[in-house]
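Position 1 is the first residue of the sequence, and the numbers go up from there.
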Amino acid sequence: MIEFAAGVLVMGYLIAGLFFLRFWARTGDRFFVMFACAFWLLALTQTLLALAGMEREEQTWFYLIRLAAFVLIIVAIIAKNMGVRR
């Protein structure tokens, strides 16, 4: 059951990343690319956890990938609010 839930999460992360990529194609705003990459990093983390059979990510190096995804989201939000352009 854990593998099924992990698969659902991975699918959700990948679809969210595709939505943000589509928004980037429409607007050209790098904010959406950064969000897409962050969600794909979250999908990668969940995939690696499921394949490795680990239930607690905070005890592995996979946590660093998830941390990078959240840092990317924070950087995207700050850059958007500061008015940083391409």
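Gly17 and Ala36 get closest at one heavy-atom pair: O-CB, 3.4 Å. Between Asp29 and Trp24, the shortest heavy-atom contact is O-CD1, 3.1 Å.
Gln46 contributes atom CD, which lies 10.5 Å from atom CG of Leu51 (distance to the nearest 0.5 angstrom). Rounding to the nearest 0.5 Å gives a distance of 9.5 Å between OG1 of Thr45 and CG of Leu64. Atom CE of residue Met11 and atom OG1 of residue Thr47 lie 12.0 Å apart, to the nearest 0.5 angstrom.
Of the residues listed (Leu44, Leu41, Leu42, Val71), the one engaging Arg66 in a side-chain contact (heavy atoms from CB on, under 4.5 Å) is Leu42, and it is the only one.
Hydrophobic cluster membership differs between Leu49 and Phe70, with clusters built from Ile, Leu, Val, Met, Phe, Trp and Tyr side chains linked at under 4.5 angstrom. If you chain together hydrophobic residues whose side chains sit under 4.5 Å apart, Val33 and Leu72 never meet in one group. Leu21 and Val10 fall within a single hydrophobic cluster, where Ile, Leu, Val, Met, Phe, Trp and Tyr side chains are chained together by heavy-atom contacts under 4.5 Å. Hydrophobic clustering, with ILVMFWY side chains joined whenever heavy atoms are under 4.5 angstrom apart, keeps Val75 apart from Phe20.
Between Phe35 and Phe31, the ring planes lie tilted relative to each other; the angle falls in the 30° to 60° range. Note on ring orientation: taking the six-membered ring where Trp is involved, the planes of Phe39 and Tyr13 are tilted (angle from 30° to 60°).
The shortest side-chain heavy-atom distance between Trp40 and Leu18 falls under the 4.5 Å cut-off. Here the side chains of Phe32 and Thr27 are in contact, with some heavy-atom distance below 4.5 Å.
The side-chain contact (heavy atoms from CB on, under 4.5 Å) check on Ala52 picks up Met54, Phe62, with sequence neighbours excluded.
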